[in-house]
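What follows is a single structure, written as structure tokens, with notes after it.
So that the names make sense, note that chain A is the first sequence line, chain B the second, and so on, each numbered from 1. This structure is a prediction, so every number in the text was calculated from the model and none was measured.
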Number of protein chains: 2
Amino acid sequence: MTAQANLGTRLDPWYDHYAARAAGLSASEVRALFAVASRPEVVSLAGGMPFVAGLPNTVVSASLERVMTEHGPQALQYGSGQGVPELREHITRVMAAEGITASPDDVVVTTGSQQALDLVTKLFIDPGDVILAEAPSYVGAIGIFRSYQAKISHVAMDAHGLIPAALEERIVELMAAGETLKFLYTIPNFHNPAGVTLTTDRRVEILEICRRHSILVLEDNPYGMLAFDEPAPPALRSLDDGVIYLGSFSKTLAPGFRIGWALAPHAIREKLILANESAILCPSSFSQFVISDYLDNTDWLTQINTFRGIYHSRKNAMITALEDNLPSLSWTNPNGGFFVWLTLPEQLDSKAMLPRAVKELVAYTPGTAFYADGGGRQNIRLSFCYPTEESIALGIRRLTTVIRGELDLLNTFGGSGSISAVPTPGRYNAPPPNIS
Amino acid sequence: MTAQANLGTRLDPWYDHYAARAAGLSASEVRALFAVASRPEVVSLAGGMPFVAGLPNTVVSASLERVMTEHGPQALQYGSGQGVPELREHITRVMAAEGITASPDDVVVTTGSQQALDLVTKLFIDPGDVILAEAPSYVGAIGIFRSYQAKISHVAMDAHGLIPAALEERIVELMAAGETLKFLYTIPNFHNPAGVTLTTDRRVEILEICRRHSILVLEDNPYGMLAFDEPAPPALRSLDDGVIYLGSFSKTLAPGFRIGWALAPHAIREKLILANESAILCPSSFSQFVISDYLDNTDWLTQINTFRGIYHSRKNAMITALEDNLPSLSWTNPNGGFFVWLTLPEQLDSKAMLPRAVKELVAYTPGTAFYADGGGRQNIRLSFCYPTEESIALGIRRLTTVIRGELDLLNTFGGSGSISAVPTPGRYNAPPPNIS
């Protein structure tokens, strides 16, 4: 018995009882940051919390009241594992606004789209199966994939999103190596964390590649309706009925209700309902009736436009602050969503620099959180969704102080301090270039 | 390729892509019944839906209003994966009413206690591991266990709950066979579906047996506070801090909010939080604030007493109807909870009889739903929680017609029709005797 195992045994009598998959459960870097970000003196550019104060309380309260009057006993009761029919109807109308034609029968309502992603992964992934994902990818997706013992293979992106040639090359390579490829997980719009959007041409090309190699496509689209200037390109699901599409009300309404959904081809949809029933019996009836009422009685597209306006202004504030303070660095300039992806000078390490940033009262998410393979040290994700424009400007000024301090330290002492000597990862982990 | 596999391939292009565990996902018998039960002319004695109409709408509405006024932005936002601190405080007070001393730090809030059970299973079960469970056991637990490819080993119960000697014997037997035993799943109070309660002496004995064999105990207690005459015996968790305890607001308040919890020893609790974050990011903040407000501002114990009174009267109505109509049969007479477990004449098959029952406009859950091993054909679960006393009486009269019809058929034609020739399973699957 190793010292490590011995220690575990002494602290936890069940140390030897956990499933093999439990080893994949580790505290994410974003998680630790939530605690830091909650201190009021810290400007947090870390979390992905939507600006719920942009939604009038009175609108929500009116829906709550109507739900109790009109649907009280149903809203308080268990519902079906697939979700409330009225809400599924509304969801098809929401997706229609993104060009998707679908039947309410093919919608499965979940506890946020996170749970939809968990269920799809549970349904398809045996230990050791490969999931293709962008480099970088959503930290919460990486967490789920690890918890089911998937291998995650990152595929390069650039300013126009996932690179089709890189995807094809990787698929061929993995298949030749005898790997079992299960699906491509992609966030085509206003990518989290990279802030880039997949072009229409590439969408067509990627769908064609995946069809040819029998690889299921899982499209995660929480930010699609939060476009700033022009609408997002057509959803992958609108171009191919075989795509599993994940949607969410967390960014267009409020995450506190925890309602998301999956739209899936018939046979998969049926299994997702069973998996949902197994995991939670049913999603919250109350939350579903509230959102259904809200979509029925509110001009929800106008509310989304309000959110878009707020996030657009905040994005502009962040880009301006970056241009003013860090003109020598590069970053993405998203046309929607919540995130800017900043590339640091080669010598700096975003993860090692974080404690110094928090000391300067600014928080961000280090790029390493978004890679399953140790990449991302040269990047940081900056969120503009929650802080005000003034806070964003202040946060970027503080970040500038931190970066300058790190560079000074480097110039004075060489490779010591928090400065990493780890080389930038190769092509497949390369950060997207500055498209600002 | 078999004809079956071939058929699957033609209908579902992803037929060969599913994980091995997906084979464990099958539609439960209870699920199909929900559809039937929703027809108004059918008296459903099938579902376990609580009588939410027993909760005044005004009380809920008042909490909703206060939450929006006092906690709007927090209630609409993401929260922590462990759950809202105020609610976790309240949960410790709820558990204190059952004799449990616990810190809010050790509580993890989940999407109903169903999700807590899913997370514990995900954390501990590798394919092929054995879970010990009562014979019969909760259908939703069996579904979860199967979805993680556990082997389920049923241990006999009688009128006093799980039989300690049978548990010990089974453990020894399984260990000798080289099986990996992970935990005992038990519903000690007002068992679903058996309606029996584990005696205090047996609780002590069972905890001792599990400690001696290093078997984790998972106590599922959704009905503990719904005792009719005298309180339930002390919770297993109140006798041993090493027990994982699952609790729920679904039966004492309303299931529509989907809020349950796990109370777990430190090391396990930490992993459950990570598993919860991975699966759903966080439970619904809105639901949590509503329940927290309700517990703060309402005499919730009086509300539970109201529910107890309603369920007690309904249980009495069911027992009276059984005595009046089916005096030659045997059934359990629960001192709390939602369910009576009826034993049919040996020749009848509860599952095969169901379509005939639905034709007579009465629904029940066949005993087979509660066994992982094909047992339960001679039993049916009767729920008294949702229908009125009049409906219960009518439902039992209709059931009597069905049973008599089946017996007549048997007398006329012998072993044909829906009458099963399958012998009653042996000791470990024996239904609990009639304790009415």
Side-chain angles (χ1 to χ4, degrees), chain A residues 11-14 17-22 25-28 31 34 49 52-53 55 57 60-61 64-65 68 72-73 75-78 80 111-112 114-115 118 122-126 140 143-144 147 182 216 242 254-258 267-268 271 274-275 277-281 283-287, chain B residues 11-14 17-22 25-28 31 34 49 52-53 55 57 60-61 64-65 68 72-73 75-78 80 111-112 114-115 118 122-126 140 143-144 147 182 216 242 254-258 267-268 271 274-275 277-281 283-287:
Chain A
L11 294 173
D12 177 7
W14 306 108
H17 280 60
Y18 296 109
R21 72 174 72 83
L25 290 168
S26 60
S28 83
R31 182 177 179 239
F34 270 136
M49 292 192 298
V52 291
L55 176 72
N57 257 14
V60 179
S61 292
L64 295 172
E65 213 176 300
M68 287 309 295
L76 298 176
Q77 192 54 273
Y78 288 111
S80 89
T111 305
Q114 183 78 9
Q115 198 215 350
D118 184 86
K122 184 175 182 184
L123 197 53
F124 282 100
I125 297 301
D126 283 315
I144 289 174
S147 83
K182 283 293 173 72
L216 185 63
F257 295 113
R258 304 308 299 121
I268 296 174
K271 288 186 166 61
L274 295 173
E277 287 179 350
S278 175
I280 60 163
L281 295 180
S284 166
S285 305
F286 191 83
S287 289
Chain B
L11 295 173
D12 177 6
W14 306 108
H17 280 60
Y18 296 109
R21 71 174 73 81
L25 290 169
S26 60
S28 83
R31 181 175 180 242
F34 270 136
M49 294 192 297
V52 291
L55 176 72
N57 257 13
V60 179
S61 292
L64 295 172
E65 213 178 300
M68 287 309 295
L76 297 176
Q77 192 53 273
Y78 289 112
S80 88
T111 304
Q114 183 79 8
Q115 198 215 350
D118 184 87
K122 183 175 182 185
L123 198 52
F124 282 100
I125 297 301
D126 283 315
I144 289 175
S147 83
K182 283 292 172 73
L216 186 63
F257 295 113
R258 304 307 299 121
I268 296 173
K271 289 186 165 63
L274 295 172
E277 287 178 350
S278 174
I280 60 164
L281 295 180
S284 166
S285 304
F286 190 83
S287 289

* Asked: Is chain B contacted by the side chain of A/Ile268, its backbone, both, or neither, given a heavy-atom distance below 4.5 Å?
  ->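 Its backbone and side chain both get close to chain B.
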
* Please look at A/Asp118 and chain B and tell me whether the side chain, the backbone, both or neither of the residue comes under 4.5 angstrom of a heavy atom of that chain. =>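 The side chain, not the backbone.
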
* Taking A/Ala20, A/Gly72, A/Ala53 one by one, which has the highest count of heavy-atom pairs under 4.5 Å against chain B? ->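 Between A/Ala20, A/Gly72, A/Ala53, the count favours A/Ala20.
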
Among the listed options [options], the residue most often paired with chain A at heavy-atom distances under 4.5 Å:
options: B/Gly112, B/Pro73, B/Ala279; value: B/Ala279
options: B/Met68, B/Gln115, B/Glu65; value: B/Met68
options: B/Ile280, B/Ile125, B/Val60; value: B/Ile280
options: B/Gly143, B/Ser284, B/Ala254; value: B/Ser284
options: B/Leu123, B/Ile144, B/Leu55; value: B/Leu123
options: B/Ser287, B/Ser285, B/Ser278; value: B/Ser278

* Given side-chain contact (heavy atoms from CB on, under 4.5 Å), test A/Asp126 with A/Lys182 step by step and report yes or no. => CA-CA 9 Å; A/Asp126 283 315; A/Lys182 283 293 173 72; 4.1 Å; yes

* Of all the heavy-atom pairs spanning B/Trp14 and A/Gly242, show the shortest one and how long it is. =>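 The pair with the smallest heavy-atom distance is NE1-O, 4.4 Å.
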
* **Minimum-distance pair of heavy atoms, taken over all atoms of A/Lys122 and B/Arg21** =>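 Looks like O-NH1, 2.7 Å.
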
* **Which residues share a side chain to side chain contact (heavy atoms under 4.5 Å, CB included) with A/Ala75, sequence neighbours left out** =>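 Here the qualifying residues are A/Val67, A/Phe286, A/Phe289.
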
* To do: Please list, chain by chain and in numerical order, all residues satisfying side chain to side chain contact (heavy atoms under 4.5 Å, CB included) with B/Ala267, sequence neighbours excluded.
  =>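 Once residues adjacent in sequence are excluded, the partners of B/Ala267 under the side chain to side chain contact (heavy atoms under 4.5 Å, CB included) criterion are A/Asp12, A/Tyr18.
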
* Check: A/Arg258 and B/Thr111 side chains under 4.5 Å, non-hydrogen atoms ->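 Counting from C-beta outward, B/Thr111 and A/Arg258 never come under 4.5 Å.
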
* **Distance in Å, A/His17 NE2 paired with B/Phe124 CZ, rounded so as to fall on 0.5 Å steps** =>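 Here the rounded value is 8.0 Å.
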
